[in-house]
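These notes concern the structure reproduced below.
Start at 1 with the first residue, then count along the sequence.
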Amino acid sequence: MFRIWGKIWKDNRMIRDKVICDSTNSSRTKKVFGGLNDLCYEFDLEKPIWLDSNISEFQKTAKTRFYQDNFIETVDFDYLELQVIEED
């Protein structure tokens with residue numbers, strides 16, 4: 001089972017969170033992008049842009065944060081955190 005946890009933070013408080021589970025035989029990359037896609041749908045957000053800093057941070061720690069710079073539209077929170085909490 002692959003599980004990814006999305007959290008929206010504002011003023012040092014988690015205001016929303018959701019865990020997405022994926023039990024398909026897809027690659028890890030497809031599971032991450034699919035999970036992010038599902039989280040954005042649940043949170044009614046546009047998909048964030050992966051910057052080089054996000055990619056390197058995610059590769060090292062399986063966790064990254066998307067700030068206002070990652071979104072084209074204005075968001076009403078400080079950041080969206082994406083974390084892999086379980087891998088096959």
Side-chain angles (χ1 to χ4, degrees):
M1 178 68 69
F2 183 86
R3 295 188 312 152
I4 196 160
W5 189 14
K7 301 173 266 188
I8 294 180
W9 293 83
K10 184 173 182 173
D11 299 328
N12 291 326
R13 293 176 188 235
M14 184 172 47
I15 56 174
R16 287 191 73 185
D17 72 317
K18 177 80 176 172
V19 174
I20 301 294
C21 301
D22 187 342
S23 60
T24 63
N25 290 330
S26 300
S27 68
R28 182 178 192 260
T29 303
K30 286 185 180 182
K31 290 179 182 181
V32 169
F33 286 125
L36 179 59
N37 200 23
D38 292 347
L39 286 168
C40 289
Y41 180 79
E42 286 286 327
F43 296 152
D44 193 26
L45 294 173
E46 64 172 315
K47 287 183 249 178
I49 299 167
W50 286 79
L51 303 175
D52 290 339
S53 58
N54 296 107
I55 295 167
S56 64
E57 180 182 25
F58 193 79
Q59 288 172 339
K60 291 177 188 172
T61 63
K63 178 177 169 180
T64 191
R65 292 179 176 175
F66 297 103
Y67 296 93
Q68 176 63 58
D69 294 347
N70 299 94
F71 295 93
I72 295 172
E73 297 176 357
T74 304
V75 294
D76 62 345
F77 52 84
D78 296 333
Y79 58 88
L80 167 66
E81 187 173 87
L82 187 68
Q83 179 180 5
V84 175
I85 56 175
E86 183 181 346
E87 293 194 56
D88 300 312

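- F71 and Y67 make their closest contact through CD1-O, 3.2 Å (heavy atoms, listed as atom of the first residue, atom of the second, distance).
- The line from CH2 of W5 to CD of E86 is 13.5 Å long, rounded to the nearest 0.5 Å.
- Here I72 sits in one hydrophobic cluster together with I49, L51; the rule is ILVMFWY side chains under 4.5 Å apart, joined directly or through other members.
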(request) May I have the step-by-step check of side-chain contact (heavy atoms from CB on, under 4.5 Å) for V75 and F43, ending in yes or no? (result) CA-CA 11 Å; V75 294; F43 296 152; over 6 Å; no

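- The side-chain heavy atoms of L39 and I20, taken from C-beta on, include a pair separated by under 4.5 Å.
- With sequence neighbours left out, R16 forms a salt bridge (charged side-chain N to carboxylate O under 4.0 Å, His left out) with no residue at all.
- Partners of D69 by side chain to side chain contact (heavy atoms under 4.5 Å, CB included), not counting sequence neighbours: none found.
- F2 places none of its side-chain heavy atoms less than 4.5 Å from the side chain of T24.
- Side-chain contact check for F58 versus V32: some heavy-atom pair is nearer than 4.5 Å.
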Could you go through residues 6-13 and list every donor-acceptor pair under 3.5 Å that involves a side-chain atom there, pairing it with any protein atom two or more places apart or in another chain?
unit_1	atom_1	unit_2	atom_2	d
K7	NZ	E81	OE1	2.7
K7	NZ	Q83	OE1	3.2
K10	NZ	D76	O	3.3

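- Between the CE atom in M1 and the CG atom in D22 there is a gap of 8.5 Å [rounded to 0.5 Å].
- If you chain together hydrophobic residues whose side chains sit under 4.5 Å apart, I4 and I55 fall into the same group.
- Taking OG from S26 and CZ from F33, the interatomic distance works out to 13.0 Å, rounded to the nearest 0.5 Å.
- Within the structure, side chain to side chain donor-acceptor pair (under 3.5 Å) contacts touching residues 41-57 (residues at least two apart or in different chains) are N54-T64, N54-N70, E57-T64.
- Contacts classified as side chain to side chain donor-acceptor pair (under 3.5 Å) and involving residues 29-38 (residues at least two apart or in different chains) are given here: K31-D88.
- L82 and I85 are members of different hydrophobic clusters when ILVMFWY side chains are connected at heavy-atom separations under 4.5 Å.
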